[in-house]
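Inspection log for the structure reproduced underneath, given as structure tokens.
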Amino acid sequence: VTAATQELLAEKARERLLAARPGLDLPDSPAELAALLAGRWEPEDAGQDSAGQDGVHSVVAVVRRVDTVSWLRGTCAFAFGMAPERAAAWRRSFTHTVFLAGNPRNLRDRVAFDHVAEDASLAWHGPAEPRASVGLRRLLKVVSGAAPFPVRPPQRVDVPAGAARRRPVHRDLYVATAGVSFGQALVHLNHLVAEAVLDDLVGPGDRLTLRRVPRLPGVPTPFAALRVDADPAHPDRLRAFAGLTQETTDVRPHSS
Amino acid sequence: LTLVVLSAPHAARPAAQRHGGSRVLLAPVTVTPTKPLTPSHLKGLLWTDVLFRATRELAGVDYRYSNTVYHRTEQTLGFWAFLDDTAGDTDYSAMTEEQVGELYVQYWERRRQPPPAAALRPYADAAEQGWVHPATARVLAMWTGHYRRLGLHDPGLTEHQPPGYTLDEVFDYLAARDLCLDHRDIGGPVYLDLTHAGLPLRQIVAADGQPNYLACALRDLLPLAPDYDEVVLIHDKELDLDYRQLARVLSKAGPVVHRVPVDRVPIGDRVRSARSGDWRGHTVAALVEELAATHPPDVLRLGLRLYFIAVLGPGQRQSYRADLLRKSLRRAERLLSSAPAAPATRLADRLGHHRGDHVHVNPYRLTTGLLARHRHAPAADLLSAVFL
């Protein structure tokens with residue numbers, strides 16, 4: 001891993017954190033940033049932001065079954081429907097999301113979900129302060145997707161339609177698989193895609209091609225957004241776990 | 001005797017058919033056969049036995065107690081693998097329960113984390129076929145002796161009694177009713193999902209495929225439950241949450257399900273675990289040996305039932321007290337010598353008074369009734385049918 005790459009990843013990581021909380025005091029060196037991200041660093045540790053807002057606003061994603069493509073579509077649809085002030089609060093909490101194993105159908109009489117996937121295999125609640133999801137947390141268990149995230153041929157993701165603010169585009173969505181569990185891949189893709197929706201990098205009617213690769217270096221198209229985190233195998237290093245490219249022509253073959 | 005070994009969901013049930021009335025399935029929690037029986041176990045066994053023998057005078061009742069089903073749990077399989085790994089080829093046939101129990105304590109002392117399911121697979125597969133590790137076979141042989149001596153109905157301790165469902169059949173049954181959350185495809189566990197009723201998700205199979213006690217109980221009881229009017233589950237307080245879930249699932253299959261919690265017996269105000277050797281100095285084997293030397297079999301059987309059911313009650317407020325047990329034995333002696341031979345009414349009618357709003361007879365009400373001073377002395381037919 002070259003210093004330049006680590007510097008680039010550090011820059012991307014800093015950009016993301018500062019976009020959520022301007023004025024945050026962050027270390028410059030990639031190693032220190034990696035240590036910060038690898039630690040038990042939670043959004044509340046960042047303290048009050050410049051607007052004087054505090055309190056973590058988390059999303060609880062209830063997961064019955066994971067089909068990665070429909071899960072990505074659901075994540076987009078959920079984020080599209082979010083009111084701007086709630087989206088801002090979630091952003092200040094670094095799009096903090098808790099994945100809980102549960103069947104939305106069994107919970108509909110108890111929980112007012114903010115979005116439920118078409119086949120009811122997934123549902124989203126929040127963003128809200130933790131006390132709003134106490135009941136859900138008591139009933140459900142944190143998802144433990146310990147299996148390796150599987151490698152598959154490229155998959156087409158039709159982002160749900162809606163009130164488009166611009167013409168639809170196509171982008172490649174890369175996700176790293178080497179040493180990455182199913183649960184970890186969900187976390188990385190969730191942050192990347194949710195924040196891309198909030199930044200209008202992903203909009204209604206867009207098309208994505210999900211590409212699973214061992215690692216991200218070597219991608220021909222420049223990235224428009226990158227998900228950077230500490231590398232669990234090397235705690236003093238940063239690693240890119242998922243990336244959304246700039247617009248590309250959708251020419252390569254897919255499997256659905 | 002009416003116990004039938006049921007290997008298929010629709011196997012015939014002579015007990016139920018003969019009575020033509022209500023059909024009851026009695027399914028107590030089983031004792032892991034890896035250690036000596038203790039007063040806590042004896043209490044549960046005596047409650048179960050009185051409930052079974054009293055209820056069968058009134059209704060068709062099947063007493064389901066399958067060790068085969070629960071050998072599949074990690075606490076048994078892991079112990080077997082540990083024994084073969086450490087002791088190797090050993091002669092267990094002359095060991096005492098305590099000697100096997102000491103090995104069980106060693107197992108828990110050395111165990112750092114659950115053994116991986118893959119390592120237990122040969123044992124799990126063999127247990128499904130009816131194989132039993134010789135250490136457990138030795139323990140069960142000795143327990144069979146205790147049962148005989150104490151007049152306990154033997155529900156087939158050493159018989160191969162496979163459950164009616166495979167694990168996959170349990171998943172299918174539950175999934176069809178939205179009661180199963182299966183995350184195996186992403187490397188997660190399988191949960192029993194009763195969240196619609198406000199009960200938390202309960203893991204039944206670990207991510208590596210190892211089923212727990214609750215999963216085994218579902219394999220055994222789900223296929224049986226629809227054929228009964230009433231299911232009675234006897235368990236101790238530690239398993240309260242699991243048994244609430246089990247009762248909820250079984251009741252969806254049709255029968256009315258009753259839980260009968262019977263707490264353990266504290267020794268010196270403490271309830272400890274077999275894993276830490278709680279049985280040392282307090283085994284059923286030693287207790288029975290000592291009391292049988294000075295008491296005839298009938299006095300021993302009735303006295304133990306009076307003490308562990310009527311004196312201790314279902315809770316665990318009172319620690320074990322040898323003096324009160326001896327008092328119960330003296331009481332038993334008097335009851336036996338004063339029992340009238342010719343009863344005025346039918347046994348079934350007299351037992352019927354001790355049911356609540358259910359089919360089964362309440363062992364506590366029945367047994368405390370023997371001690372009530374204002375009543376007539378219990379007749380010999382009641383004592384011999386239920387208590388001896």
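Naming: A, B, ... by sequence-line order, numbering from 1 per chain.
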Task: Region of B/Leu194 that comes under 4.5 Å of a non-hydrogen atom in chain A - done: neither
Task: Under 4.5 Å from any heavy atom of chain B - which part of A/Val111 - done: neither
Under 3.5 Å, which donor-acceptor pairs link chain B and chain A? Put them in a table for me, please.
{"unit_1": "B/Asp178", "atom_1": "O", "unit_2": "A/Asn106", "atom_2": "ND2", "d": "2.8"}
{"unit_1": "B/Asp178", "atom_1": "OD1", "unit_2": "A/Arg64", "atom_2": "NH2", "d": "3.1"}
{"unit_1": "B/Asp178", "atom_1": "OD1", "unit_2": "A/Asn103", "atom_2": "ND2", "d": "3.4"}
{"unit_1": "B/Asp178", "atom_1": "OD2", "unit_2": "A/Arg105", "atom_2": "NE", "d": "3.0"}
{"unit_1": "B/His183", "atom_1": "NE2", "unit_2": "A/Val63", "atom_2": "O", "d": "3.2"}
{"unit_1": "B/His183", "atom_1": "NE2", "unit_2": "A/Arg64", "atom_2": "O", "d": "3.0"}
{"unit_1": "B/Ile186", "atom_1": "O", "unit_2": "A/Ala146", "atom_2": "N", "d": "3.2"}
{"unit_1": "B/Ile186", "atom_1": "O", "unit_2": "A/Ala147", "atom_2": "N", "d": "3.1"}
{"unit_1": "B/Gly187", "atom_1": "O", "unit_2": "A/Ala146", "atom_2": "N", "d": "3.3"}
{"unit_1": "B/Asp193", "atom_1": "OD2", "unit_2": "A/Asn106", "atom_2": "ND2", "d": "3.0"}
{"unit_1": "B/Thr195", "atom_1": "O", "unit_2": "A/Arg110", "atom_2": "NE", "d": "3.3"}
{"unit_1": "B/His196", "atom_1": "O", "unit_2": "A/Arg110", "atom_2": "NE", "d": "3.4"}
{"unit_1": "B/His196", "atom_1": "O", "unit_2": "A/Arg110", "atom_2": "NH2", "d": "3.3"}
{"unit_1": "B/Leu201", "atom_1": "N", "unit_2": "A/Leu139", "atom_2": "O", "d": "2.7"}
{"unit_1": "B/Leu201", "atom_1": "O", "unit_2": "A/Lys141", "atom_2": "NZ", "d": "2.8"}

Task: Partner set under side chain to side chain contact (heavy atoms under 4.5 Å, CB included) for B/Ser251, not counting sequence neighbours - done: B/Val257
Open item on the list: With chain B as the partner, which of A/Val66, A/Val63, A/Leu186 has the greatest number of non-hydrogen pairs under 4.5 Å?
Closed with: A/Val63
